[in-house]
Asker: 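Here it is, the structure, as structure tokens.
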Amino acid sequence: MLSKGSKEEPEPECQDPGGDESQSTEQLNVSRLRSSSVEIREKGSEFLKEELHKAQKELKLKDKECERLSKVREQLEQELEELTASLFEEAHKMVREANTKQAASEKQLREARGKIDMLQAEVTALKTLVITSTPSSPNRELHPQLQSPTKAVFRKGHGRNKSTSSAVVAAASQSVTPEPVSHECKEVDSILFAEFQAWKESPTLDKSCSFLDRIYREDVGPCLDFTKQELSELVRAAVEQNTLTIEPVASQTLPVVKVSAVECGGPNGFRSQIVTKCALSGLPRTCKHRIMLGDSGNYYYISPSCRARITAVCNFFTYIRYIQQGLVRQDVELMYWEVMRLRREMSLAKLGFFPSEM
């Protein structure tokens, strides 16, 4: 305690050692922070440099890969162009070969048609020779032994010309016979000709067309209408399907017997019993021929009259099949008259007229 009269002396300030320590700690922390930030920056820059280096490497690799792929694309495009060019060249080559083959085929077709025309002319000439030869007045061109010696020597050195015109001229020259030739007048029936023309535009064997329907009703049906109805239907079907076979029997001269013989021969052909009863008419006749329907192996002996009727119908169907196949190359009117001639043969055979050779 101080006395009243004494002065108060100022007390000296006391320094706090804890404050200095805190300041130094803060400075130390600041320095540490600065050093750590510097280190972080350095490490960050190094990391970024490494990432940048990696990215550059990857970019270089991708550039190389793109360059390789572009080269592959260019190579593929070049190969594609070469392949396209080779395909076009091959296609043009095939087209040229096809055109060459087509030209050769057309040439062969023209030659074949010329040969067909020549053969048809020769067949016509031969038909003329055969028709003009009869037992009472034989054609001397078919029987050289009947010619005089001078003519025989002349014919001996004659060769057949291959040209069509010469064949026709030869036929015309050979058809001259001593017999008087009867000329008949002909006139085209407008209805029949119109039906034939309509059928000729699109040839068919269908019975529904007016042309064939009329011929079936007026000629084919009556001509193949025999006493044995069941066998007649089979014969008609075989003729339409072109599967009927006519052949001569083993013996050309058979006696007429009035017995009830077997109407159908066996499958052994000529070894079966030869009968003399017509299988179609049921009448005892000298059957010089027999027929077979398809591949059945069964033979039916027929009389000459029945054979003439069947043959007439077969000739008609053969001719219209030739027209359908395009083998007949004649004028429409000539084909029409040939059809009319075949119809007349069917009518005559139906009425019982037939050549003596049958």
Side-chain angles (χ1 to χ4, degrees), residues 192 195 199 204-252 254 256-270 272-322 324 339-358:
L192 298 180
E195 291 177 353
W199 176 83
T204 178
L205 298 180
D206 188 9
K207 307 175 187 177
S208 60
C209 65
S210 58
F211 169 69
L212 289 182
D213 179 66
R214 178 188 297 272
I215 296 178
Y216 265 95
R217 286 185 290 102
E218 298 178 358
D219 301 308
V220 175
C223 196
L224 296 181
D225 186 15
F226 299 101
T227 305
K228 305 295 182 180
Q229 292 293 327
E230 185 177 356
L231 185 58
S232 299
E233 294 295 329
L234 296 177
V235 170
R236 178 173 174 175
V239 171
E240 293 175 354
Q241 299 169 6
N242 199 20
T243 59
L244 184 139
T245 304
I246 302 178
E247 61 181 32
V249 296
S251 177
Q252 296 296 328
L254 297 176
V256 177
V257 292
K258 297 182 179 181
V259 295
S260 178
V262 181
E263 297 180 2
C264 173
N268 294 328
F270 292 111
S272 62
Q273 182 183 2
I274 298 177
V275 296
T276 56
K277 183 177 181 181
C278 180
L280 290 171
S281 64
L283 300 175
R285 293 290 185 271
T286 301
C287 301
K288 299 180 180 180
H289 294 82
R290 61 183 183 178
I291 60 174
M292 182 175 67
L293 308 179
D295 298 329
S296 61
N298 294 327
Y299 292 93
Y300 301 89
Y301 293 86
I302 56 175
S303 63
S305 175
C306 294
R307 175 179 179 264
R309 294 166 67 173
I310 295 174
T311 304
V313 177
C314 289
N315 291 338
F316 168 76
F317 276 103
T318 301
Y319 188 69
I320 63 173
R321 286 193 187 98
Y322 284 167
Q324 183 190 24
V339 171
M340 295 301 106
R341 186 187 68 80
L342 294 172
R343 292 189 63 183
R344 182 171 65 178
E345 287 186 359
M346 287 190 285
S347 298
L348 291 175
K350 175 186 60 178
L351 295 174
F353 296 96
F354 59 92
S356 58
E357 291 82 2
M358 291 188 175

Asker: Rounded at 0.5 Å granularity, tell me how far CZ in Arg285 sits from NZ in Lys277.
Answerer: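 With rounding to 0.5 Å, CZ (Arg285) is 11.5 Å from NZ (Lys277).
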
Asker: Side chain to side chain contact (heavy atoms under 4.5 Å, CB included) for Thr311 and Glu345? Distances and angles first, verdict last.
Answerer: CA-CA 9 Å; Thr311 304; Glu345 287 186 359; over 6 Å; no

Asker: Any side-chain heavy atom of Glu195 within less than 4.5 Å of one from Asp213?
Answerer: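 No, every pair of side-chain atoms sits at 4.5 Å or beyond.
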
Asker: Please round to the nearest 0.5 Å and tell me the distance separating atom CG of Leu244 and atom CD1 of Ile310.
Answerer: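 Nearest 0.5 Å value for the CG-CD1 distance: 6.0 Å.
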
Asker: What residue among Thr204, Leu212, Asp206 forms side chain to side chain contact (heavy atoms under 4.5 Å, CB included) with Ser208?
Answerer: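 With Ser208 as partner, side chain to side chain contact (heavy atoms under 4.5 Å, CB included) holds for just one option, Asp206.
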
Asker: Nearest 0.5 Å, what's the CG-OG1 distance between Asp295 and Thr245?
Answerer: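 Here the interatomic distance stands at 8.0 Å.
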
Asker: My understanding is that only residues two or more places apart in sequence, or in another chain, count here; which of them pass ring pair (Phe, Tyr, Trp, His ring centres under 6.0 Å) with Phe211?
Answerer: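 For Phe211, the residues satisfying ring pair (Phe, Tyr, Trp, His ring centres under 6.0 Å) (neighbours in sequence not counted) are Phe196, Trp199.
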
Asker: Are Arg307 and Lys288 side-chain neighbours, meaning at least one heavy-atom pair lies under 4.5 Å?
Answerer: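 A side-chain contact is absent here, since even the closest heavy-atom pair is not under 4.5 Å.
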
Asker: Would you check if the side chain of Ser232 reaches a backbone N or O of Phe226 as a donor-acceptor pair within less than 3.5 Å?
Answerer: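 Side chain of Ser232 to backbone of Phe226: a pair is present.
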
Asker: With a 4.5 Å cut-off on side-chain heavy atoms, are Asn298 and Leu293 touching?
Answerer: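 No, every pair of side-chain atoms sits at 4.5 Å or beyond.
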
Asker: Please tell me if the side chains of Phe354 and Leu348 come closer than 4.5 Å, counting only heavy atoms from C-beta onward.
Answerer: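 No - every pair of side-chain heavy atoms lies 4.5 Å or more apart.
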
Asker: Report yes or no: does Ser296 contribute a side-chain atom to a donor-acceptor pair with the main-chain N or O of Met292 at less than 3.5 Å?
Answerer: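 The answer is no, because no donor-acceptor pair under 3.5 Å joins these two groups.
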
Asker: Out of curiosity, Leu280 CG to Gln229 CD, how far, rounded to the nearest 0.5 Å?
Answerer: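 Result: 10.5 Å between the selected atoms.
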
Asker: Between CD1 of Ile246 and NE2 of His289, what distance do you get to the nearest 0.5 Å?
Answerer: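 Between Ile246 CD1 and His289 NE2, I get 8.0 Å after rounding to 0.5 Å.
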
Asker: Is the count of non-hydrogen atoms from other residues, nucleotides or ligands lying under 6.0 Å from Arg217 atom CZ greater than 12?
Answerer: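 Yes, because the 6.0 Å sphere around CZ of Arg217 holds more than 12 heavy atoms from other groups.
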
Asker: As a test of understanding, state which of Lys350, Arg343, Arg344 forms a salt bridge (Lys or Arg N to Asp or Glu O under 4.0 Å) with Glu218.
Answerer: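 Filter result, single survivor: Arg343.
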
Asker: Under the 3.5 angstrom rule, does the side chain of Arg309 hit a backbone N or O of Cys223 as a donor-acceptor pair?
Answerer: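 Checking the backbone N and O of Cys223 against the side chain of Arg309, a donor-acceptor pair under 3.5 Å is found.
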
